[in-house]
Each structure stands twice: as structure tokens, then as C-alpha cells.
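Position 1 is the first residue of the sequence, and the numbers go up from there. In what follows, every heavy atom counts, from backbone to side chain, and hydrogens, waters and symmetry copies are set aside. Source: prediction; values computed, not measured.
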Amino acid sequence: MAVDHTLDNPNELDGLDVYDVDGEKIGGVDEVYLDDRTGRPEWVTVKTGLLGIREHFVPLAGAEREGRMLHVPYTKDLVRDAPRPDDADEHLDAAQESALYTYYGLTVVPEEAEGWGETEREVARENIADEDLGGTGGTPA
């Protein structure tokens with residue numbers, strides 16, 4: 001099955017099974033959080049645990065969809081220890097989003113960054129070799 005590098009439709013992300021960088025299942029997508037400026041999916045919450053009662057934020061930077069699977073470039077342990085959306089109330093405020101970027105080692109890249117598409121912002125993963133993200137250091141539009 002072909003890998004889909006575009007993750008633009010939030011309805012297509014809901015309910016996908018999420019797998020870590022090693023191919024181990026983490027859980028399932030529960031909520032999709034959109035970028036306020038671009039309207040594109042930027043974060044998902046993943047239900048984890050035996051009964052799926054824990055929920056954690058996972059960035060879509062570097063993620064790839066393959067059928068009903070969403071592969072993310074993070075370990076299962078990193079996701080399970082990630083901040084939880086207890087008070088996100090369907091929207092991340094600037095402080096919450098900043099804390100998540102910091103936790104995952106992400107940097108917000110301005111639209112003027114060379115090689116990026118026309119979106120207002122994209123996310124680049126620090127400390128991951130370019131080949132791990134398709135050679136671009138992020139997921140261009």
C-alpha cells in the first residue's frame with residue numbers, strides 16, 4: 001500500500017491506528033487539532049493504554065499515513081510520557097502548544113524558510129536526520 005505524505009483532511013485521520021518509529025502500535029487517533037492560521041491538521045491526540053483511557057498529544061510533523069495506519073517518528077515511550085490534553089478544551093493556547101513543541105524537540109519554522117511551501121507555518125523536527133523526514137527536515141505543503 002502506498003504511503004500518503006499529505007495529512008490535510010482531519011476527517012481521514014480520525015480513528016487511525018498510530019505506530020511508533022519502530023513499528024509498534026501506540027494507540028488510536030481520537031482528536032485532531034488544526035493550526036489556527038492554516039486550518040491544516042497539526043496535532044492529534046492518541047488514546048493509549050489497555051483500555052484506551054489515556055490520551056496524549058502527538059505532532060503530525062514527519063508522520064506518514066499508510067492505509068489505516070499513521071506512522072509517527074517518535075517512540076511509544078515518548079508518546080506515552082507526553083503531556084495530556086486535560087485542559088486543552090478542543091483548542092491549544094500558545095503556552096500549551098509551546099510546551100508540546102519543547103517536549104517533542106520541535107521548532108516552528110516561518111513560511112519564509114527556504115524549501116517550504118505556501119503554508120503559513122510548518123513544523124521541523126530537530127535532532128532527526130533529514131533522511132528520516134524524507135530529506136526536507138519537515139513536511140512541506
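Contacts of D81 classified as side-chain contact (heavy atoms from CB on, under 4.5 Å), with partners at least two apart in sequence or in another chain: Y103.
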Review point. Does the pair D35 and R40 meet the rule for a salt bridge (Lys or Arg N to Asp or Glu O under 4.0 Å), with working shown?
Key: CA-CA 6 Å; D35 182 288; R40 292 180 64 207; over 6 Å; no

Practice task
Would you sort out whether D17 and R68 count as a salt bridge (Lys or Arg N to Asp or Glu O under 4.0 Å), showing the intermediate values?
Solution key: CA-CA 6 Å; D17 290 327; R68 297 294 306 154; over 6 Å; no

For a side-chain contact (heavy atoms from CB on, under 4.5 Å) check, start with the C-alpha distance between Y74 and V58, then their side-chain angles and the critical distance, and finish with the verdict. CA-CA 9 Å; Y74 310 102; V58 179; 4.2 Å; yes

Before giving the answer on side-chain contact (heavy atoms from CB on, under 4.5 Å), spell out for K76 and K25 the whole-Å C-alpha distance, their side-chain angles and the decisive distance to 0.1 Å.
CA-CA 8 Å; K76 187 175 187 174; K25 185 175 178 180; 5.8 Å; no

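Judged by distance alone, the side chain of Q96 and the main-chain N or O of D93 form a donor-acceptor pair under 3.5 Å. Remark: side-chain polar atoms of R37 are not paired, donor with acceptor, to backbone N or O of G39 under 3.5 angstrom. Without hydrogens or angle criteria, T102 side chain to S98 main chain gives a donor-acceptor distance under 3.5 Å.
Heavy atoms only, all atoms of each residue included: P73 and A61 are closest at CG-O, 3.6 Å. L7 approaches P41 most closely through the heavy-atom pair O-CG, 3.2 Å. In terms of heavy atoms, Y104 sits closest to A82 at OH-CB, 3.3 Å.
Rounding to the nearest 0.5 angstrom, the gap separating the CG atom in L92 from the OH atom in Y101 is 9.0 Å. Taking CG of D14 as the start and CG of D30 as the end, the distance is 7.0 Å to the nearest 0.5 Å. Note that OG1 of T75 is 7.5 Å distant from CD1 of I26, once rounded to the nearest 0.5 Å. Note that the CG atom of L100 and the CD atom of E42 stand 10.0 Å from one another [nearest 0.5 Å].
Taking the six-membered ring where the residue is Trp, Y33 and F57 present perpendicular rings, their angle passing 60° and hence far from 30°.
Hydrophobic cluster membership for M69: Y19 (Ile, Leu, Val, Met, Phe, Trp, Tyr linked by side-chain heavy atoms under 4.5 Å, directly or transitively).
Hydrophobic clustering (side-chain heavy atoms under 4.5 Å, transitive across Ile, Leu, Val, Met, Phe, Trp, Tyr) keeps L70 apart from V21.
Checked options R54, E55, H56; the residue passing with T45 is E55 (criterion: side-chain contact (heavy atoms from CB on, under 4.5 Å)).
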